[in-house]
Amino acid sequence: MTSLPASTDKRLGLVIDLDTCVGCHACAVNCKEWNTGAGASPLSDADAYGADVSGAWLNRIHTFEVTPADAPAQIVHFPKSCLHCDDAPCVTVCPTGASHKRSEDGIVLVTEDMCIGCGLCAWACPYGAREMDPVENVMKKCTLCVDRIYDEVLPEEDRIPACVRTCPSNARHFGDFNDPGSHVSRLVADRGGIELMPEMGTKPVNRYLPPRPKARAPAAGPVAATRPQTAKADGFLGWLDAALDKLG
Amino acid sequence: MHPAVSVIFFTVLSGAGFGMILLLGLGFEIDGGAGRAFVVSLVAGGLAVAGLLASVFHLGHPERALRALSQWRSSWLSREGIAAIATLVLFGLYALVWMTTGDRPALLGGAAALGALVTVFTTSMIYAQLRTVPHWNSALTPAVYLGFALSSGWLVATALGGAATAGLWGLALVALAWALKWAWWVRASRSRLSTAASSPETATGLGFLGRVRLLERPHTGENYLTREMVHVIGRKHARRLRALALVLGCAVPLLCLALIHVTGAPAVLTLLPALSMIVGLLAERWLFFAEAEHAVSLYYGNR
């Protein structure tokens with residue numbers, strides 16, 4: 001059913017720390033690896049070994065340059081995947097009921113064998129979180145690794161999304177935003193978690209932690225044109241130095 | 001946005017078809033017997049169905065198309081499918097009664113006309129509902145779709161209607177439709193993503209630090225998002241296409257209609273302005289897609 005639940009028991013989602021993300025793309029690679037093997041269908045690529053390679057990814061890492069008014073530019077790596085919005089426009093536009101938001105945990109999913117591949121959900125999403133699979137011709141999106149987080153066969157430390165599990169710089173955190181005491185809720189409260197494009201009215205669950213303020217070096221003055229100073233010599237070399245100076 | 005040829009044909013042709021159904025259902029005068037009724041009804045229904053078929057084959061999984069009728073509670077696309085099928089059934093029955101008895105039942109015709117109106121409205125709402133595309137997100141979008149459906153439908157119906165003369169209604173309808181489109185263009189020229197308060201700064205949430213500029217895309221190649229929603233190649237000939245749309249879609253039909261009216265030429269000559277308008281509308285619809293900016297482009301270097 002593509003009507004949205006009024007509220008969900010849990011609000012599972014991610015916190016992404018833009019301060020510690022190093023832009024290594026490991027989360028995107030592990031996401032691709034997990035989802036191409038574990039989902040209802042592979043997460044396909046077209047022309048994977050050719051010149052015009054293109055494929056479906058559920059997580060992509062953009063890199064932005066941010067220029068403050070009074071300081072040098074800084075680089076911010078920016079991983080982006082589905083934000084599992086409370087008011088997800090991608091769900092309500094779906095004509096078939098393939099796109100849905102789960103009332104138990106708030107995860108937004110696509111039932112692949114109900115998807116007709118019309119692409120309207122991708123148009124409705126401001127974040128670019130949905131991509132058409134070029135081989136399966138159905139819409140793909142982040143599942144928050146719904147096939148990992150509840151799988152009791154997996155060791156407990158693996159029951160988190162693949163991107164979170166693999167991040168080497170601890171920039172990704174997973175948890176329940178409905179629980180004010182959860183790890184993710186505390187991170188958002190402590191660090192001022194950011195909502196992306198609030199003006200679109202989507203009420204995203206995922207939050208981004210802003211880069212911490214940079215320690216700025218004091219501005220250096222103009223460098224004086226100086227000749228390298230050599231130590232004064234004494235003895236014979238000292239006499240020679242003075243004599244040569246006199247010659248001009 | 002990527003201008004998909006199938007969707008352009010769908011919206012233009014089925015717009016004309018449903019415009020015809022609306023007019024015929026309301027009792028648009030057709031001179032002639034069952035044969036004429038058959039031809040006119042066939043063209044009206046055929047245009048509507050051709051458009052629908054084009055849109056179905058645009059899907060990734062056309063064989064699952066019937067599933068699209070299930071989510072009418074929330075989805076304009078689903079509502080469109082239901083409205084289109086209901087309208088075609090009602091109009092089919094209406095045409096059957098018309099051909100066999102020569103009678104045109106007003107109630108059934110009125111229901112088909114209402115259905116056609118609702119169908120065109122639901123089509124336009126698929127676009128008008130999207131906050132991600134500021135050009136489309138306006139009440140003027142349904143007004144333009146209804147205006148073009150009615151005017152192009154009137155031209156085709158008049159051309160096939162067998163009347164001795166064409167009335168002046170067509171001039172008014174074509175002029176009204178283009179006046180609405182002009183207003184739409186004026187609004188579109190002022191409504192960029194920034195007017196919806198969106199920018200790379202809000203897209204990344206980094207505006208508090210300073211000005212945000214894309215340094216590197218996620219991947220070196222294109223992807224579904226850039227092909228579908230960050231499509232800019234279609235804007236290359238925007239000015240020429242707009243001139244083409246205005247000449248073929250507006251000026252030629254108005255001039256032809258005026259000449260046909262002044263000279264008292266037979267209404268069948270309306271076929272020329274009808275075809276001209278449909279070609280002009282294809283150019284107009286291309287620009288409707290190609291010039292529309294999508295919010296996701298903010299993540300790909302647009303500002």
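Every chain is numbered from 1, with letters handed out A, B, ... down the list of sequences. Below, each value reflects all heavy atoms present in this structure, side chains not excepted, and no hydrogens, waters or symmetry copies.
- Taking a 6.0 Å sphere around CZ of B:R242, one finds it holds more than 12 heavy atoms contributed by other residues, nucleotides or ligands.
- Atoms CD and CG, from A:E131 and B:N223 in turn, are 5.0 Å apart once rounded to the nearest 0.5 Å.
- Residue with the most contacts toward chain B among A:H25, A:R130, A:M132, A:M139: A:M132 (heavy-atom pairs, distance under 4.5 Å).
- Residue B:F9 qualifies as open at atom CZ: its count of foreign heavy atoms under 6.0 Å is 12 or below.
- Rounding to the nearest 0.5 Å places OG1 of A:T67 at 7.0 Å from CZ of B:R213.
- Between chain B and the options A:A122, A:G119, A:A46, A:A69, heavy-atom pairs under 4.5 Å are most frequent for A:A122.
- Proximity of B:Y299 to A:L196: side-chain heavy atoms (C-beta onward) are separated by under 4.5 Å at one or more points.
- Of the listed residues (B:V230, B:L66, B:L130, B:V56), the greatest number of heavy-atom pairs within a distance under 4.5 Å of chain A belongs to B:L130.
- Residues A:L18 and B:L206 have side chains in contact (heavy-atom distance under 4.5 Å, counting atoms from C-beta outward).
- With contacts defined as side-chain heavy-atom distances shorter than 4.5 Å, the pair B:Q129/A:T92 does not qualify.
- Taking the side chain as every heavy atom from C-beta outward, A:F64 and B:L214 approach each other to under 4.5 Å.
- In terms of heavy-atom proximity, A:C118 sits nearest to B:H58 at O-NE2, 4.4 Å.
- Taken to the nearest 0.5 Å, the CE atom of B:M229 stands 8.0 Å off from the SG atom of A:C125.
- For a residue to count as touching a neighbouring chain, one of its non-hydrogen atoms must lie under 4.5 Å from one of that chain's; by this rule B:L69 touches chain A with the backbone only.
- Counting heavy-atom pairs closer than 4.5 Å to chain A, the top residue among B:E222, B:E63, B:R131 is B:R131.
- Using bins of under 30°, 30° to 60° and over 60° for the plane-to-plane angle, the ring pair A:W123/B:Y127 lands in the tilted bin.
- Counting only heavy atoms from C-beta outward, the side chains of B:L298 and A:M197 approach each other to under 4.5 Å.
- With respect to chain B, the highest number of heavy-atom pairs below 4.5 Å among A:P134, A:C94, A:P89, A:P210 belongs to A:C94.
- When the candidates A:K80, A:E195, A:H77, A:Q74 are compared by the number of heavy-atom contacts under 4.5 Å with chain B, A:K80 comes out ahead.
- Of residues 186-193 of chain B, not one residue has a non-hydrogen atom less than 4.5 Å from any non-hydrogen atom of chain A.
- Distance check, rounded to the nearest 0.5 Å: CG of A:L120 to CD1 of B:I126 gives 6.5 Å.
- Both the backbone and the side chain of B:L59 come within contact range of chain A, each with at least one heavy atom under 4.5 Å from a heavy atom of that chain.
- Of the two parts of B:A203, the backbone and the side chain both hold a non-hydrogen atom closer than 4.5 Å to a non-hydrogen atom of chain A.
- Between the side chain of B:R64 and the main chain of A:C115, a donor-acceptor pair closer than 3.5 Å is present.
- Within the 4.5 Å cutoff, side-chain heavy atoms of B:S198 are placed close to those of A:M200.
- Interatomic distance, A:H62 NE2 to B:Y300 OH, rounded to the nearest 0.5 Å: 4.0 Å.
- A donor-acceptor pair under 3.5 Å is absent between the side-chain atoms of A:R60 and the main chain of B:R217, judged by distance alone.
- Between B:H219 and A:W57, the angle of the ring planes lies from 30° to 60°, which puts this pair in the tilted group.
- A heavy-atom distance below 4.5 Å is not found between the side chains of A:T96 and B:H61.
- Closest approach of A:P211 and B:L209 over heavy atoms only: CG-CD1, 3.9 Å.
- Ranked by heavy-atom pairs shorter than 4.5 Å toward chain A, the options B:S74, B:G207, B:A295, B:G221 are led by B:S74.
- In terms of heavy-atom pairs under 4.5 angstrom with chain B, the leader among A:P95, A:G23, A:G117 is A:P95.
- Residue contact with chain A, scored on non-hydrogen atoms closer than 4.5 Å, involves the side chain of B:R227 exclusively.
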